[in-house]
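Worksheet for the structure shown next.
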Amino acid sequence: MVPFSRPTAPMRDRLVAAVALALSLAMSRCPLRWQIAVVRRLRGLPYARLARLEALYTAVKAVTPSWWPGRIACMEHSLATVIATALTGRQARWVLGARFLPDAAHAWAEVPEGAVGRDIGDAVDRPWTPVLSVP
């Protein structure tokens, strides 16, 4: 069995990511409409650069605890990335999407330059269709 390697990130990014992931996990207990309302409050901030969004996404993945008893998947990671971006004074869109055959749902973060967390697995031949983009 190949050991699982965790992504690494600078300490400052991991600190911001840890706070953002904690907020994301707390918000995941709320209804989706409340989560959307909170993310919509981030309007007005300038968009982050794609490289910065990628660094924060890597930091969020790096601080994700393996011992957590609940779900931490694409929705929580993408929301934490958007929150971490806001904590650094920038904005990113939180996108919820879907695809058919087989039916699946997915979430990712994006800026005008590109997205992080969208292209997973077999997304090349069956791309995700954005259903909701916040803010």
Side-chain angles (χ1 to χ4, degrees):
M1 185 166 136
V2 177
F4 177 72
S5 71
R6 298 180 66 104
T8 59
M11 180 58 101
R12 182 168 185 240
D13 286 354
R14 285 188 312 209
L15 181 61
V16 170
V19 171
L21 186 60
L23 290 170
S24 173
L25 292 173
M27 287 174 59
S28 70
R29 311 286 279 161
C30 300
L32 182 61
R33 70 177 182 271
W34 291 7
Q35 295 175 40
I36 292 169
V38 169
V39 174
R40 280 201 173 127
R41 295 268 187 198
L42 306 176
R43 276 189 233 170
L45 294 172
Y47 277 105
R49 306 286 293 166
L50 181 59
R52 185 69 183 134
L53 189 66
E54 289 171 345
L56 290 171
Y57 181 73
T58 301
V60 167
K61 298 286 269 189
V63 299
T64 300
S66 59
W67 53 263
W68 186 257
R71 169 192 148 100
I72 302 180
C74 61
M75 193 156 180
E76 292 79 15
H77 284 145
S78 60
L79 181 56
T81 303
V82 170
I83 293 169
T85 306
L87 289 175
T88 62
R90 299 291 178 172
Q91 133 177 294
R93 285 188 295 265
W94 187 37
V95 184
L96 307 177
R99 68 176 176 197
F100 299 103
L101 301 172
D103 296 341
H106 187 50
W108 62 90
E110 71 179 16
V111 291
E113 295 175 57
V116 295
R118 179 177 48 196
D119 299 327
I120 59 164
D122 56 357
V124 175
D125 61 338
R126 294 179 304 122
W128 297 101
T129 302
V131 175
L132 176 68
S133 181
V134 185

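In this text the structure is predicted, and so the values were computed from the model without any measurement.
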Check your understanding: Under 4.5 Å between side-chain heavy atoms, hopping through other hydrophobics if needed: is there a path connecting V131 to V134?
Key -> no
Point to revise | Nearest non-hydrogen partners of V60 and A80, listed with the distance | key: CG1-CB, 3.8 Å
Revision key, fill the gap. Rounded to the nearest 0.5 Å, the CG atom of L45 sits from the CZ atom of R43 at a distance of 12.0 Å
Review point. Considering all heavy atoms of both residues, which atom of A55 and which atom of D13 are nearest to each other, and what is their separation?
Key: CB-OD2, 4.0 Å
Check your understanding: Is it true that V111 and Y57 fall in one hydrophobic cluster, defined by side-chain heavy atoms closer than 4.5 Å?
Key -> yes
Practice item. Find the distance between CZ (R52) and CD (E113) and round it off to the nearest 0.5 Å. Key: 13.5 Å
Review point. Linking I/L/V/M/F/W/Y whenever any side-chain heavy atoms sit under 4.5 Å apart, do L25 and L23 land together?
Key: no
Review point. Ignoring hydrogens and geometry, is there a side-chain-to-backbone donor-acceptor pair from H77 to A107 under 3.5 Å?
Key: no
Point to revise | Student check: side-chain heavy atoms of R93 and P135 closer than 4.5 Å | key: yes
Exercise for review: Rounded to the nearest 0.5 Å, what's the gap from OH on Y47 to CG on L53? Could you check?
Suggested key: 11.5 Å
**Study point:** Interatomic spacing from NZ in K61 to CD1 in I72 - rounded to 0.5 Å
**Key:** 10.5 Å
Point to revise | Ring geometry between W128 and W108 (parallel below 30°, tilted from 30 to 60°, perpendicular above 60°) | key: tilted
Review point. Just by modelled atom types, is the E76 backbone N or O under 3.5 Å from a matching donor or acceptor in the S24 side chain?
Key: yes
Review point. If you take all heavy atoms of P130 and V95, which pair is closest and at what distance?
Key: CB-CG1, 3.8 Å
Point to revise | Considering all heavy atoms, the nearest Q35-M75 contact | key: OE1-CE, 4.1 Å
**Study point:** From L79 atom CG to C74 atom SG, the distance as rounded to the nearest 0.5 Å
**Key:** 11.0 Å
Practice item. Treating Ile, Leu, Val, Met, Phe, Trp and Tyr as nodes and any side-chain heavy-atom pair under 4.5 angstrom as an edge, say whether L42 and L21 lie in one connected cluster. Key: no
Revision key, fill the gap. Interatomic distance, CD@E110 vs CZ@R118, rounded to 0.5 Å, equals 6.0 Å
Review point. Are W94 and L87 joined in one hydrophobic group, where the rule is that I, L, V, M, F, W and Y side chains link up if heavy atoms are under 4.5 Å apart?
Key: yes
